[in-house]
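In what follows, every chain begins at residue 1, and chains take the letters A, B, ... in the order their sequences are listed.
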Amino acid sequence: MRIGYPCVNESLDCTSSATFRLASYSDERVELAVASNLLCLQRILEYNVANELRFFRISSGIVPFGSHPINTFPWQTRFAAEFQAIGDYIKAQRMRISFHPDQFVVLNSPSEDIVQRSIAELVYQGSMLDLMGLDSTAKLQIHVGGLYGDRDLAISRFVATYRELPVAVQRRLVIENDDRLFSLRDCLRVHEAVGIPILFDNFHHECLNHGEPMAEALRLAAGTWHPERDGILMMDYSSQQVGERKGKHTSTLEEELFREFLTHLHGLDVDIMLEIKDKEASACRAVSVLRELQLVAAEAAPQS
DNA sequence: AGCAGTCAAGTTGAC
DNA sequence: GTCAACTTGACTGCT
């Protein structure tokens with residue numbers, strides 16, 4: 001079991017998503033930004049290793065305008081060595097990596113334009129994992145998409161688009177149950193059609209479900225991951241911010257709720273991403289909880 | 001230096 | 001109709 005957090009480290013004084021405005025685009029600025037972002041990413045990964053955090057979601061903004069037509073800078077070749085060095089470090093430290101392309105990636109949109117831009121974004125993010133030399137257990141995590149007033153049609157459009165994706169994207173793509181539109185059950189329908197793994201979000205499942213108990217939901221999601229090809233189940237963990245609207249993520253880890261959640265695993269091995277406002281602070285506390293329970297994987301330690 | 005307004009992209013639902 | 005929310009703020013021009 002690995003524990004992680006998304007994108008941003010609040011303890012370090014650097015960002016891995018430096019960017020600039022489209023209006024001020026230049027190849028030189030791309031080169032400067034990517035160089036700076038990769039340096040920061042390496043620092044974050046080293047921080048994570050030092051704190052036994054071996055699951056990390058890399059920011060989508062490593063390459064500014066990474067899938068935009070304006071960006072013609074050959075960053076893949078210019079930074080090939082840097083990406084490879086980061087990938088080597090990730091592999092040596094047995095870390096798990098994911099990306100979560102943002103809300104503009106909608107594979108089931110009725111607009112062909114939006115679908116094509118979405119695919120370009122997935123190709124961009126997947127190519128970073130390729131450049132790092134990571135295998136297909138490193139994933140690209142997205143939601144099923146929009147509803148457009150017809151659930152069946154929306155799902156069938158996702159399935160049709162998935163089948164046409166470049167293999168480089170297909171092998172890494174996973175879908176996450178969301179909190180309002182597409183439940184775990186909907187995701188299972190997509191899985192049955194095309195075999196795509198389901199990244200399980202416990203909090204979204206609490207917000208939107210069909211009565212499946214947490215333990216059963218975990219078992220169903222885990223069953224969609226092919227052990228050799230996909231690795232063990234990835235999941236997002238969060239809980240409700242008390243007093244806020246339903247679906248609002250908690251600002252800090254509620255340890256009692258986290259312990260209670262762990263009891264539903266029944267020995268299932270998973271990698272847990274803490275989608276919690278205070279980032280690595282909560283992730284470190286989760287590691288402490290797990291250490292008390294002795295659930296953190298000992299084999300995650302580097303061979304020495 | 002600090003701050004407010006704005007930034008490539010989509011969709012939904014609360015108000 | 002407008003606008004916040006979503007996995008994640010950062011840049012820019014003004015004072």
Side-chain angles (χ1 to χ4, degrees), chain A residues 4-10 12-26 29-30 32-34 36-37 40-41 44 55-71 97-125 139-151 154 157-158 161 174-182 199-204 207-208 234-241 244-251 272-283:
Chain A
Y5 62 98
C7 305
V8 173
N9 181 297
E10 298 182 328
L12 298 173
D13 59 356
C14 68
T15 174
S16 62
S17 53
T19 184
F20 46 84
R21 297 296 154 82
L22 180 59
S24 57
Y25 177 91
S26 73
R29 290 195 75 163
V30 174
L32 287 169
V34 175
S36 160
N37 289 339
C40 184
L41 175 58
I44 294 173
F55 187 20
F56 188 65
R57 179 186 301 163
I58 300 178
S59 161
S60 303
I62 295 286
V63 181
F65 307 102
S67 68
H68 192 286
I70 198 175
N71 186 345
I97 296 297
S98 66
F99 279 97
H100 194 337
D102 59 29
Q103 62 269 32
F104 309 109
V105 171
V106 187
L107 287 185
N108 75 345
S109 171
S111 156
E112 183 59 25
D113 252 21
I114 290 167
V115 172
Q116 286 311 314
R117 283 200 296 272
S118 297
I119 293 173
E121 180 69 14
L122 291 170
V123 167
Y124 147 59
Q125 298 197 23
K139 295 300 189 185
L140 303 170
Q141 136 189 24
I142 62 171
H143 296 286
V144 176
L147 209 48
Y148 311 100
D150 187 333
R151 184 175 306 274
R157 257 202 319 273
F158 182 95
T161 302
V174 302
I175 47 174
E176 174 190 351
N177 59 304
D178 70 68
D179 59 345
R180 296 174 315 156
L181 305 178
F182 293 98
L199 188 149
F200 182 68
D201 186 308
N202 78 300
F203 184 35
H204 291 166
C207 296
L208 178 67
M234 278 184 180
M235 65 163 291
D236 287 348
Y237 175 86
S238 191
S239 61
Q240 176 68 41
Q241 174 74 48
E244 282 282 354
R245 66 164 180 82
K246 179 180 171 186
K248 174 79 174 177
H249 290 218
T250 184
S251 55
I272 303 179
M273 174 81 48
L274 295 173
E275 283 191 339
I276 294 180
K277 195 80 182 155
D278 65 359
K279 303 290 174 185
E280 74 277 6
S282 281

> Which protein N or O atoms sit under 3.5 Å from an N or O of nucleotides 12-15 of chain C?
{"from": "dT12(C)", "atom 1": "OP1", "to": "Ser24(A)", "atom 2": "OG", "distance (Å)": "3.1"}
{"from": "dT12(C)", "atom 1": "OP1", "to": "Arg29(A)", "atom 2": "NH1", "distance (Å)": "3.3"}
{"from": "dT12(C)", "atom 1": "OP2", "to": "Arg29(A)", "atom 2": "NH2", "distance (Å)": "3.2"}

> With rounding to the closest Å, how many angstrom separate the P atoms on dC3(C) and dT7(C)?
22 Å
> Looking at Pro6(A), is its backbone amide N or carbonyl O close enough to the side chain of Arg57(A) to form a donor-acceptor pair, meaning the two atoms are under 3.5 Å apart?
no
> Would you please name every residue forming a salt bridge (charged side-chain N to carboxylate O under 4.0 Å, His left out) with Arg117(A), sequence neighbours left out?
Asp113(A)
> Can you sort out the partners of Tyr124(A) under side chain to side chain donor-acceptor pair (under 3.5 Å), two or more places apart, ordered by chain and number?
none
> Where each pair must be Watson-Crick or G-U wobble with both distances under 3.5 Å, what dot-bracket representation of DNA chain C is obtained, with crossing pairs in [ ] and other-strand partners as |?
||||||..|||||||
> Looking at residues 97-109 of chain A, who's got a heavy atom less than 4.0 Å off DNA chain C?
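Heavy-atom contacts with DNA chain C come from His100(A), Pro101(A), Asp102(A), Gln103(A).
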> Would you say the rings of Phe203(A) and His249(A) are close, in the sense that their centroids are separated by under 6.0 Å?
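Under 6.0 Å, so yes.
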> Using only atom types and a distance under 3.5 Å, with no angle test, would you say the side chain of Asn108(A) pairs donor to acceptor with the backbone of Gly146(A)?
yes
> Using chain A heavy atoms and a threshold of under 4.0 Å, write down where along DNA chain B the contacts begin and end, 5' to 3'.
dG5(B) to dG13(B)
> Measuring only between side-chain heavy atoms, which start at C-beta, is Ile142(A) closer than 4.5 Å to Phe158(A)?
yes
> For Asn71(A) and Pro64(A), indicate whether the former's side chain and the latter's backbone hold a donor-acceptor pair under 3.5 Å.
yes
